[in-house]
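Model, not experiment: these values are computed from the prediction. Because only heavy atoms are used, hydrogens play no part in the values below, and waters and symmetry mates are left out as well, while side chains stay in.
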Protein chains: 2
Amino acid sequence: MSVTIKDVAKMANVSVATVSRVLNKKSNVSDEAIKAVNDAVESLGYSPNFLGRDLRKSETRRILAIIASTEQSFYSDVIRGMEAAAYAQGYDVLIATTQNDPNHEMHLLGMLFSRAVDGAVLLGPKLDANTINALGEKHNIAMCLERLDNCNVLTVTIDNVKAGRDAVNYLIRKGHKKIGLITTLQRSQSSIDREIGYKLALKDNDIPYNEEYVYFGSYETEQGMTGCEYLMNLPSPPTAIFAISDMIAIGAMNYALSKGYRIGKDLMFMGFDNIAYSHMFVPHLSTVEQPCYAQGKLVIEKLIENMKADTPDHNLYTLSHSLVLRDSTGD
Amino acid sequence: MSVTIKDVAKMANVSVATVSRVLNKKSNVSDEAIKAVNDAVESLGYSPNFLGRDLRKSETRRILAIIASTEQSFYSDVIRGMEAAAYAQGYDVLIATTQNDPNHEMHLLGMLFSRAVDGAVLLGPKLDANTINALGEKHNIAMCLERLDNCNVLTVTIDNVKAGRDAVNYLIRKGHKKIGLITTLQRSQSSIDREIGYKLALKDNDIPYNEEYVYFGSYETEQGMTGCEYLMNLPSPPTAIFAISDMIAIGAMNYALSKGYRIGKDLMFMGFDNIAYSHMFVPHLSTVEQPCYAQGKLVIEKLIENMKADTPDHNLYTLSHSLVLRDSTGD
DNA sequence: CTATATTATGAAAACCTTTTCAATGTGACA
DNA sequence: TGTCACATTGAAAAGGTTTTCATAATATAG
């Protein structure tokens, strides 16, 4: 039905082996043969069947990036970094989404077990550390952006404890003592770590931890509003708020704005991620920036190294973050 | 090296054919054989090699979605729709990004020609209509969100001309006669169509078209600011502005806000896409909403139909949009 | 001019499945 | 008892490529 290497061989009057050699730019093939093959390929409109090729070579040169959804736009820089690193070595990056379903995440990893891809990168997995450890023993897996406790799989991330600590320390340095935290109920390790950082910063400055100042919501902006409403209705409301994501912070600021608080004066906000909207929203949001592109690039480089290595690298790499200071902290 | 169907067969004391039958849940296999095979699969940790399977069956049950980047978060609903439709029929959806490079788009389509996937959906292609037409003759291609003039490939989109016309007619009905348009220099068909709709709405109401009122920028929010600045510095500035995307509209509002315009009163804004931030930003943005999920779902359903059909459907399907009215139009 | 590298080539094996085809065994039925 | 249908099974082919191995042809060295 469809045109195969045999058809090309026949038309070019050579063997399939020769066609294969030309296609793969091997040495030891005459100029005439090269021309004959290329002409035949052209006139037949042939393109090689990757299933055959990949089966024979038992490699696909494809890497799967598994992500909850494409909604969080800050993933896009991570992916750009991943692709840059991959293309540089002749790999393609494919993205698949789990919609936060661990079963679906496992299903997608099936592509790895079944050799439909050579490796996989998990960006914020929903599976637990034990499961991932077990899979990491036998397959080329890496994690990016999000680490997992007790997980010895190659991981590239930032130090979220330190990042949270730096963010809150900055607010304290600005003169605040009553600092609210809006975080998520659904615990990713990064949000746990940022919360730990929040507590450490308080301790650094001998400010007692007050659990009333912590609101647990979800990642949606609406929850930022609700969280801010809760905090500001406390008997002694906070004067600064750290939100573990910009989405949440924007929601929170939105509420504060509607109630007439003067942001950056009466009330300061610090977000996390430095998404594009964080400096479009008025007032501009101060935030913690993490090196998305660099993390994506590094995780792919390390993963490809691992695919070639006999003893894979299962280390944790942490890149450094930085504070971006804008209106919402009065800067 | 890695465990194959042969190893399973050996351990289960059956032929590979029987193993295959068990794995594919075929009839005509004894209960003992089923048990023996399943036990062997379990204890060996076997998972079938998809390359072998796909080659034999010459189908992969995978569909590639080709997208410029994952930055525009409103793609995420389209993808959700695509996945829902795909999974319902046992297909997986893989996403790959072109970063706006037509060469890279062609490279990714190579996965289709080379049978690494069964079909492809283009969301806003950078290739021209002729090229896509040619490819569509031989392969299972569809387009979504974005149509192309003179392109007879299966397409699912909305009527962007009518959408632009409806948006601007609404502003006119609100009493405006001087209406600015912020669009993009880089012409996607949807932005061209929305501009056509803008002009038609003016004509509907006997308002002369004034090219001074049209600003050509890019998709970035910053360009929305610049565009708004340009428009408001005209000798006779517009009293309402239609932006062809919410990102641009938010940038434009941002500028207007900083200059003290009272949005929804002195100056009205209408965006496009109804992204999540459009109702987080204060004031809330009025916008045109397109059915993202439904478009994604439909395009996959039609594409899968085409893969089975002998005479493929190359029609254009248009779903309906709606106006979402909020603060920025004084609603 | 012979002996030996070197280059160019093709036949066939290998990669791992699924599926076809033929064979075996079982039970029913006359 | 003999025939037939049916369920279960395995050997082998098929799918499209790459790669190994052997061979033939040519070039190089002595």
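A heavy atom closer than 4.0 Å to some atom of DNA chain C occurs in B:A17, B:S20, B:R21, these being the qualifying members of residues 6-22 of chain B. If you check residues 28-41 of chain B against DNA chain C, you find no residue with a heavy atom closer than 4.0 Å.
Residue contacts shown for B:L55 include a base, since a base heavy atom lies under 4.0 Å away. When heavy atoms are screened at a 4.0 angstrom cut-off, A:N24 is found touching the sugar-phosphate backbone but no base atom.
Between the side chain of A:R56 and the base of D:dT18, a donor-acceptor pair under 3.5 Å is found.
Nucleotide C:dT17 holds its C1' atom 13 Å from the CD atom of B:E59, rounded to whole Å. For A:F113 and C:dC16, the CZ to C1' distance is 19 Å, given to the nearest whole Å. Between A:K57 atom NZ and D:dT17 atom P there is a gap of 13 Å when expressed in whole angstrom units. If you take CZ of A:F50 and C1' of D:dG16, they are 13 Å apart, rounded to a whole angstrom. The distance between atom CG of A:D118 and atom C1' of C:dC15, rounded to the nearest whole Å, is 15 Å. Atoms NZ (A:K26) and P (C:dT7) sit 16 Å apart, rounded to a whole Å. Here C:dC15 presents its C1' atom at 14 Å from CG of B:D54, a figure rounded to the nearest Å.
Interatomic distance, CD1 of B:I5 versus CG of B:N49, reported as 10.5 Å (0.5 Å rounding).
A:S58 contributes no side-chain N or O that, together with a main-chain N or O of A:L55, makes up a donor-acceptor pair within less than 3.5 Å. In terms of modelled atom types and a separation under 3.5 Å, the side chain of A:N160 and the main chain of A:D193 share no donor-acceptor contact. With hydrogens and angles disregarded, no donor-acceptor distance shorter than 3.5 Å links the side chain of B:N38 to the backbone of B:K35. With B:D101 contributing its side chain and B:N103 its backbone, the two residues share a donor-acceptor pair below 3.5 Å.
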Secondary-structure string, 5' to 3', Watson-Crick or G-U under 3.5 Å, | for another-strand partners, for DNA chain C: ||||||||||||||||||||||||||||||
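Side-chain contact annotation: A:T97 with B:R80, donor-acceptor N/O pair under 3.5 Å absent. A donor-acceptor pair shorter than 3.5 Å can be found between the side chains of B:E146 and B:S190. Judged purely by distance below 3.5 Å, without hydrogens or angles, the side chains of A:N306 and A:H314 never pair a donor atom with an acceptor atom.
A salt bridge does not link A:D54 with A:R61: none of the charged nitrogens is closer than 4.0 Å to a carboxylate oxygen.
A sub-4.0 Å separation between OP1 or OP2 of D:dT17 and a side-chain N or O of A:Y46 is present.
Across B:I141, B:T155, B:L135, B:L148, a single residue satisfies side chain to side chain contact (heavy atoms under 4.5 Å, CB included) together with B:L122, and that is B:I141.
Other residues, nucleotides and ligands contribute over 12 non-hydrogen atoms within 6.0 Å of the NZ atom of B:K126.
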